[in-house]
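Contents: one structure, followed by commentary.
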Amino acid sequence: MQKPHIRYSALAAFWHWLAAALVIAQFTTGWLFHKVYERGSAARVDMFEWHKTIGAALILVVFLRLATRFVSTAPAQPERLPKWERVAAVVSHFLLYVFLVAIPLGGLMAVSKGGGWVDLKFGLVFPSVPGISEAVAEWAGEAHATYVWAFGALLVVHLLAAVYHQSRRDAAAGRMPPFQR
């Protein structure tokens, strides 16, 4: 009988922490772009290019993270935890993945009107979503902004749950490297 996984693999942890860093960078550049820099300013245009570039990187990292998740299964939820906590963990992780896909794709759709390529930093380009009309791009941009707030709230819950379990050193603690029980 094979021993069940109790921790995420090193590769899964790498994608997790890289995605976390990119999400923090996205929140920061998005906030700066919308709330700090004046419309039409060179600084705002530059920040928007950073936001798009980091978003494109996040799309790729999330794709690789999902591929890793399908190849290397996540550790099972600890049976010693109450059932409601195990269910909440499964649902919240599923929603985190949904947001990690939906938010960058919504942003990509918002800048895809007209087709072609999306310009990024360093002369890089990313393929746009074909067939996006002005109306769909506007809707996608609004959905992108709305989902960010819901994702932020879910991330706060995720972080609080991680701190809670780690501080108690219970069965859920130490599942994500580098943390340990």
Can you measure from [atom1] ([X]) to [atom2] ([Y]) and round to the nearest 0.5 angstrom?
X      : Y      : atom1 : atom2 : value
Glu85  : Tyr164 : CD    : OH    : 5.5 Å
Leu105 : Leu100 : CG    : CG    : 11.0 Å
Thr68  : Tyr8   : OG1   : OH    : 12.5 Å
Trp15  : Ser9   : CH2   : OG    : 11.0 Å
Glu49  : Lys121 : CD    : NZ    : 5.0 Å
Thr146 : His144 : OG1   : NE2   : 10.0 Å

Closest approach of [X] and [Y], non-hydrogen atoms and distance?
X      : Y      : value
Ile132 : Ser112 : CG1-CB, 3.9 Å
His51  : Gly30  : ND1-N, 3.4 Å
Leu96  : His158 : CD1-ND1, 3.7 Å
Arg175 : Ala76  : NH2-O, 3.6 Å
Met176 : Trp17  : CG-NE1, 3.8 Å
Arg65  : His16  : NH2-CD2, 3.3 Å

Taking the side chain as C-beta and beyond, is there a heavy-atom pair between [X] and [Y] under 4.5 Å?
X     : Y      : value
Met47 : Val36  : no
Arg86 : Glu79  : yes
Phe99 : Leu155 : no

Is it the case that one hydrophobic cluster holds both [X] and [Y], taking links as side-chain heavy atoms less than 4.5 Å apart, direct or via other members?
X      : Y      : result
Leu108 : Leu124 : yes
Val125 : Leu120 : no
Leu95  : Val157 : no
Val118 : Val45  : no
Val62  : Leu60  : yes

Inspect the surroundings of OH in Tyr147 and state if more than 12 heavy atoms from other residues, nucleotides or ligands are less than 6.0 Å away.
-> no
Heavy atoms of other groups near Tyr97 OH, more than 12 under 6.0 Å = yes
Does any donor atom in the side chain of Thr29 or Trp50 lie under 3.5 Å from an acceptor atom in the other side chain?
-> no
Derivation and outcome, side chain to side chain contact (heavy atoms under 4.5 Å, CB included), residues Phe94 and Val90 = CA-CA 6 Å; Phe94 174 78; Val90 169; 5.6 Å; no
Is there a donor-acceptor pair closer than 3.5 Å between any side-chain N or O of Ser128 and the backbone N or O of Gly116?
->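 It does hold such a pair.
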Could you check Ile103 against Gln26 for side chain to side chain contact (heavy atoms under 4.5 Å, CB included), going step by step and ending with a plain yes or no?
-> CA-CA 11 Å; Ile103 293 171; Gln26 281 300 78; over 6 Å; no
Quick one: do Val101 and Leu66 satisfy side chain to side chain contact (heavy atoms under 4.5 Å, CB included)? Show the steps, please.
-> CA-CA 10 Å; Val101 171; Leu66 287 169; 3.9 Å; yes
